Number of protein chains: 2
Amino acid sequence: MNLLDIGEVARRSGVPPSTLRYYEEIGLISSYGRRGLRRQFDVDVLLKLSLIDLGKSAGFSLTAIAGMFGRDGQLAIPRADLHAKADALQRQMVDLRILRDALRHVADCPTASHLECPSFRKLVKAASRGRVAAGRRREATDEG
Amino acid sequence: MNLLDIGEVARRSGVPPSTLRYYEEIGLISSYGRRGLRRQFDVDVLLKLSLIDLGKSAGFSLTAIAGMFGRDGQLAIPRADLHAKADALQRQMVDLRILRDALRHVADCPTASHLECPSFRKLVKAASRGRVAAGRRREATDEG
DNA sequence: CCTTGACCTCAAGTTGGCTTGAAGTGGCAG
DNA sequence: CTGCCACTTCAAGCCAACTTGAGGTCAAGG
């Protein structure tokens with residue numbers, strides 16, 4: 001078992017020691033004893049940290065991420081959840097595209113007040129109709 | 001000027017009154033006087049709220065969003081900035097796509113332990129290389 | 001042996017984005 | 001005129017995810 005002490009993990013991963021200690025405290029990662037005072041981590045922690053970073057950027061909370069690693073530290077996520085998250089990312093991409101298009105429109109549209117430009121309003125309204133409908137769907141399934 | 005009172009705005013937009021007051025406090029939206037005690041908002045605030053929601057879902061902070069509206073409440077951003085922002089959104093979309101594909105892989109890959117699945121490791125490493133590089137670029141430009 | 005510096009613990013502070021609670025007010029229906 | 005209710009203010013609280021600070025410890029190098 002190839003061990004690294006916390007400073008080395010921090011250096012290699014870019015995650016500050018304070019954060020590593022915090023992650024250990026909440027059970028997201030674990031250390032293998034100490035050398036003197038210093039926590040020792042298995043090199044595998046680096047991959048786990050990448051996963052954590054990835055998960056965070058996908059919008060998972062740390063608690064949710066912790067839940068994705070089984071007792072044994074393996075990844076254990078129900079397939080349905082993964083697909084659901086992938087779908088959510090898909091929707092987020094759609095939002096981004098709308099926003100990007102709206103921005104490009106604003107950049108290129110000669111109308112003085114964008115809030116009054118018909119095609120801009122159309123873009124934004126189309127977007128908000130989508131989100132309101134999605135919200136309603138979520139509520140409905142939450143209640144049911 | 002078609003005015004709505006706060007309760008009506010809340011009903012129509014789905015944004016709670018407390019949040020509307022909060023948004024006004026931080027200068028994100030503004031009201032046009034009162035009727036009795038009640039804030040009156042121009043109907044246009046609904047469009048603005050859609051924009052705000054859109055911006056939030058694209059990962060902008062409220063402060064950043066506020067910065068996108070000029071002093072006069074109009075969208076007032078230099079064209080170059082708008083295009084830069086649109087490009088940033090484009091990059092963010094690419095990241096999301098990578099992540100989405102990684103999630104779908106995990107959902108469909110039959111390997112018992114994803115941490116040991118070579119193609120998973122490859123995906124995660126590729127993704128993290130991308131993010132670390134992006135981080136370095138950000139730091140570099142921040143410093144410069 | 002003594003200093004140095006990277007670590008340690010624990011508590012408290014910070015930021016963002018709100019929500020909640022207590023106490024007060026304005027206008028309209030009965 | 002009374003009462004109600006939707007609003008008002010202001011302060012405080014809350015959650016996540018950390019960071020910061022004070023004061024302590026250990027092992028290695030000079």
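Since the model is a prediction, treat every value here as computed from it, not as a measurement. The basis for the numbers below is simple: all heavy atoms, side chains too, and nothing from hydrogens, waters or symmetry mates. Numbers restart at 1 for each chain; the letters A, B, ... are given by sequence-line order, proteins then strands.
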What is the distance, to the nearest angstrom, from the [atom1] atom on [X] to the [atom2] atom on [N]?
X: A/L20; N: D/dT19; atom1: CG; atom2: C1'; answer: 13 Å
X: A/L62; N: D/dA17; atom1: CG; atom2: P; answer: 4 Å
X: B/Y22; N: D/dC14; atom1: OH; atom2: C1'; answer: 13 Å
X: A/F60; N: D/dA16; atom1: CZ; atom2: P; answer: 17 Å
X: B/E25; N: D/dA11; atom1: CD; atom2: P; answer: 10 Å

Quick one: is A/T19 getting a side-chain N or O under 4.0 Å of the D/dA17 phosphate, OP1 or OP2?
-> no

Name all residues meeting the salt bridge (charged side-chain N to carboxylate O under 4.0 Å, His left out) criterion together with [X]; count only those two or more places apart in sequence or in a different chain, and write none if there are none.
X: B/R104; answer: A/D87
X: B/D101; answer: none
X: B/R35; answer: B/D5

Which two nucleotides bound the region of DNA chain C that has atoms under 4.0 Å from heavy atoms of chain B, read 5' to 3'?
-> C/dG17 to C/dG27

Taking only residues two or more places apart in sequence or in another chain, which ones pass ring-ring contact (aromatic ring centres under 6.0 Å, His included) with B/F120?
-> B/H114

Pair listing, salt bridge (Lys or Arg N to Asp or Glu O under 4.0 Å) test, anchored in residues 9-20 of chain A, at least two apart = A/E8-A/R11, A/E8-A/R12

Name all pairs fulfilling the salt bridge (Lys or Arg N to Asp or Glu O under 4.0 Å) condition that reach into residues 17-29 of chain A, sequence neighbours left out, sorted by first residue then second.
-> A/E24-A/R39

How would you list, by chain and number, every residue that makes a side-chain contact (heavy atoms from CB on, under 4.5 Å) with B/S119, sequence neighbours excluded?
-> B/H105, B/C117

Who passes side-chain contact (heavy atoms from CB on, under 4.5 Å) against B/T63, sequence neighbours left out?
-> B/S61

In B/S/- notation, 5' to 3', how is nucleotides 20-27 of chain D contacted by protein heavy atoms closer than 4.0 Å?
-> B---BBSS

Mind checking side chain to side chain donor-acceptor pair (under 3.5 Å) for B/R100 and listing every partner two or more places apart, or none if nothing turns up?
-> A/Q90

Net bend of the helix from C/dC1-D/dG30 to C/dG30-D/dC1, end axes of five pairs each, nearest 10 degrees = 20°

If you round to the nearest 0.5 Å, how far is CG of B/L28 from CZ of B/F69?
-> 6.5 Å

Where is the tightest heavy-atom contact between B/P17 and B/I6, given as atom of each residue plus distance?
-> O-CD1, 3.8 Å

Identify whether any heavy atom of A/I26 sits under 4.0 Å from a base atom; if not, whether one sits that close to sugar-phosphate; answer base, sugar-phosphate or nothing.
-> nothing

